[in-house]
Amino acid sequence: MGDTGADPLTECSSRLLEQERLIKTLTAEINGLKNPQTLERSPHLEELMEENARLQYRLNILKRSLQEDQPPCSRSMLNINQRLQEVFGEAIRASFPQVATPPMTVATTQQGRPGDYQCNSAMALAQLLKASGEKVSPRDVAQKILENLPENELVEKTEVAGPGFINIHLKKSFVSKLLSNLLINGVQPPALASRKKVVVDFSSPNIAKEMHVGHLRSTIIGDSLCRLFEFLGHEVVRLNHVGDWGTQFGMLIAHLQDKFPDYLTASPPIGDLQAFYKESKKRFDEEEDFKKRAYSCVVRLQSKEPEFIQAWNLICDVSRTEFQRVYDCLEVQLTERGESFYQDLMKIVIQELKDKGVLEFDEGRHILFVPGHSVPLTVVKSDGGFTYDTSDLAAIHHRLFQEKAHTIIYVTDSGQSTHFQLVFAAAQMLGWYDPLVTRVEHAGFGVVLGEDKKKFKTRSGDTVRLMDLLEEGLKRSMDKLKDKERDKVLSPEEMTQAQRSVAMGCIKYADLSHNRINDYIFSFDKMLDDRGNTAAYLLYALTRIRSISRLASLDAVALRAAASTTPVLLDHDREWKLGRCILRFPEVLQKVLEDLLLHPLCDFLYELATTFTDFYDSCYCVEKDRLTGEVIKINMWRMLLCEATAIVMEKGFEILGITPVHRM
Ligand code: ARG
């Protein structure tokens with residue numbers, strides 16, 4: 001931070017010290033006095049003691065708040081945008097103390113325009129001032145802000161442009177220093193005020209039903225959000241809220257009893273659970289006796305008869321194994337905590353609702369109306385059974401009170417948005433959480449479409465099995481590698497590594513690089529294209545950058561050592577552009593964190609890769625002898641720029657759940 005006068009903590013401490021000195025002298029004086037009554041008659045001392053206590057109290061508060069604001073380690077990457085907001089915020093407050101909450105916007109300057117960042121607050125400020133009767137032009141507002149700009153470490157110069165923009169030019173020495181720090185410390189997360197518990201509810205397929213492309217989206221997006229929170233240093237609980245409870249288990253168990261009578265002793269070979277589901281559904285619809293038995297099975301399962309619990313477990317296990325194949329392939333970790341987990345809690349929650357007198361009775365159902373919504377939640381069905389609403393009320397209760405989560409995120413298709421808004425509103429109404437303290441959000445996403453822009457189906461019109469889809473991805477990525485004759489250069493092992501990395505990387509990246517709110521068109525051809533904003537392109541870009549340091553025979557250790565002795569020069573225009581681009585990483589992550597949208601991170605990585613290409617095209621890193629091909633010169637500061645680009649890209653991949661390879 002720039003030294004802009006004494007901060008409140010230092011000021012408070014020095015006053016405290018002074019006071020303590022005074023008290024000591026006074027006490028000594030008093031002790032030296034023969035007449036103890038003087039003590040009572042010394043109002044000065046009393047006043048001083050009181051003030052001392054007050055100061056002590058303030059100092060403690062200040063110390064505590066400061067501890068929270070201080071990064072756990074100063075090795076963190078600095079968020080330049082945020083730092084500029086602090087500096088300009090101070091200037092604005094000094095210039096217009098009459099504005100209680102002044103608007104604050106700092107943005108990166110568009111390419112080709114003067115400056116690196118710009119502060120765009122003057123226009124909005126002028127509007128505010130006008131509204132309160134003060135007429136000042138935005139340009140004058142901007143000018144005044146600049147007059148009050150505090151001394152700081154990062155702004156080289158500024159100028160007012162156009163209607164009142166303030167162009168900000170960063171100090172080269174400062175940017176260079178940040179790059180050196182990045183190379184020495186590695187990509188460290190931004191300063192964390194405090195470690196929080198974050199629950200992410202994602203993937204969440206339904207037992208005995210097909211895990212579909214919607215669940216694939218949820219798995220990919222949810223995993224990436226978890227990775228971001230993990231990188232930031234939070235404690236993340238990755239919950240798989242599987243649909244493992246409900247009336248469908250009655251018919252499944254009844255069918256299991258008929259088909260595999262010895263299921264209790266020998267594990268039933270249900271190869272195809274979907275077919276098994278279809279068979280039992282057919283019987284349920286056609287055979288009256290079977291239907292009756294299915295109902296009694298539900299009752300006996302719900303009263304937890306061991307035999308029925310075992311049958312239920314067997315069926316769940318078949319699904320679980322299927323799901324796990326998908327998670328293994330995608331390398332996604334999840335903790336299963338399905339609807340059944342909340343059985344007992346649902347009863348407790350319903351009792352709470354009854355006690356609070358908020359439930360209404362409607363045609364046999366118990367429903368719950370929440371403010372601002374015309375549709376109610378159905379808490380108990382007319383047959384006494386619980387619903388999706390009931391289990392989600394119990395789930396949010398558990399996450400708030402047992403998990404004590406500070407942030408809870410649900411990743412499902414946008415079709416469930418109303419359901420979640422109702423659940424959140426109900427929880428707030430019941431006083432379970434305050435949205436100003438706890439962040440509870442539904443991260444919804446659009447539908448997956450086929451290349452014909454219709455619902456994603458196989459050629460024969462069936463729903464696509466996820467495992468088939470992932471396997472096709474693997475096959476296509478291998479074909480592509482062979483087309484490019486990579487098998488002539490890479491070992492079989494490297495080939496399989498590249499195949500996996502490209503296939504899974506492309507499937508994930510295609511999803512994450514689109515705004516999740518929109519529908520998205522699934523196209524293997526597009527996602528595996530190694531031109532444009534795809535994982536294939538980015539993975540290649542990274543291997544190319546990595547090959548530069550190999551050419552110069554520099555490993556990570558050597559580069560890190562070089563970073564503390566060689567300054568990162570930024571004299572060439574392309575070096576300067578690349579340096580600033582690399583350092584935008586923290587502000588991009590901050591944005592992702594605020595909006596829970598991952599595409600800005602993808603856009604950033606793509607921009608970083610293209611900015612790197614521009615740099616590499618015009619700035620020699622390693623110079624070779626034209627004839628012998630021998631390395632004759634290594635421009636170390638440029639090697640450092642290559643390395644900084646690579647480590648930021650790698651961290652970006654890590655957050656997106658993409659595994660880079662050394663060679664491909
Ligand atoms: N099983 C649900 C589905 O397949 C998703 C569950 C999402 N999580 C939740 N807490 N409701 O659509």
Side-chain angles (χ1 to χ4, degrees), residues 198-223 225-226 236-249 252 273-274 277 312 315-316 319-320 322-324 326-327 332 334-343 345-346 349 368 370 375 377-379 385-403 405 407-428 432-433 438-448 455-456 463-466 516 519 596:
V198 180
V199 167
V200 185
D201 172 324
F202 69 109
S203 193
S204 309
N206 302 312
I207 299 286
K209 290 190 193 153
E210 190 68 76
M211 185 176 181
H212 53 70
V213 276
H215 296 124
L216 178 66
R217 283 208 87 177
S218 175
T219 310
I220 292 171
I221 297 169
D223 177 53
L225 290 175
C226 290
V236 181
V237 186
R238 303 160 150 261
L239 290 187
N240 201 1
H241 189 88
V242 294
D244 62 355
W245 204 248
T247 41
Q248 81 268 26
F249 280 97
L252 289 167
L273 194 56
Q274 262 69 61
Y277 184 92
W312 168 74
I315 294 163
C316 289
S319 277
R320 243 172 234 140
E322 276 297 300
F323 300 158
Q324 198 52 47
V326 173
Y327 300 142
V332 170
L334 274 149
T335 303
E336 187 182 316
R337 195 182 284 166
E339 292 173 13
S340 66
F341 176 86
Y342 303 99
Q343 274 298 296
L345 188 54
M346 283 192 249
V349 163
L368 175 65
V370 289
V375 260
L377 287 159
T378 300
V379 180
F386 301 153
T387 68
Y388 192 49
D389 293 346
T390 330
S391 57
D392 262 324
L393 281 175
I396 197 170
H397 188 282
H398 190 267
R399 291 161 192 183
L400 290 167
F401 296 101
Q402 305 298 311
E403 287 291 352
T407 299
I408 311 174
I409 296 163
Y410 297 78
V411 190
T412 77
D413 61 285
S414 301
Q416 301 195 32
S417 158
T418 317
H419 164 76
F420 287 113
Q421 294 322 318
L422 280 170
V423 172
F424 302 165
Q428 285 172 46
W432 291 354
Y433 78 94
T438 312
R439 180 180 190 182
V440 181
E441 252 180 79
H442 174 224
F445 52 79
V447 210
V448 183
K455 221 178 148 189
F456 192 63
T463 45
V464 182
R465 284 188 182 219
L466 282 198
R516 66 170 157 76
D519 293 349
L596 303 179

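Only this structure's heavy atoms are used, side chains among them; waters, hydrogens and symmetry mates stay out. First listed ligand is number 1; within each ligand, the first listed atom is number 1.
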*Got a sec, which residues hit side-chain contact (heavy atoms from CB on, under 4.5 Å) with Thr412, two or more places apart in sequence or on another chain?*
Gln416, Phe420, His442
*asked:* Can you confirm whether Tyr433 sits close enough to Ile408 that some side-chain heavy atom of one is under 4.5 Å from a side-chain heavy atom of the other?
replied: no
*State which residues pass side-chain contact (heavy atoms from CB on, under 4.5 Å) with Phe341; sequence neighbours excluded, sorted by chain then number.*
Arg337, His398
Could you tell me, for ligand 1, which of its N or O atoms are under 3.5 Å from any protein N or O, listing the pairs and their distances rounded to 0.1 Å?
unit_1	atom_1	unit_2	atom_2	d
ligand 1	1 (N)	Ser204	O	2.9
ligand 1	1 (N)	Asn206	OD1	2.8
ligand 1	4 (O)	Ser204	O	3.4
ligand 1	4 (O)	Asn206	ND2	3.1
ligand 1	4 (O)	His215	NE2	2.8
ligand 1	8 (N)	Asp201	OD1	3.0
ligand 1	8 (N)	Asp201	OD2	3.3
ligand 1	10 (N)	Asp201	OD2	2.7
ligand 1	10 (N)	Asp392	OD1	2.8
ligand 1	11 (N)	Tyr388	OH	2.7
ligand 1	11 (N)	Asp392	OD1	3.4
ligand 1	11 (N)	Asp392	OD2	2.7
ligand 1	12 (O)	Gln416	NE2	2.8

*Parallel, tilted or perpendicular: which fits the ring planes of Trp432 and Phe401, with parallel below 30° and perpendicular above 60°?*
perpendicular
*In chain order, what residues pass the side-chain contact (heavy atoms from CB on, under 4.5 Å) check against Thr407, with sequence neighbours excluded?*
Val198, Phe229, Ile409, Arg439
_Strictly distance-based, threshold 3.5 Å: is any side-chain N or O of Arg238 a donor or acceptor partner for the main-chain N or O of Val332?_
no
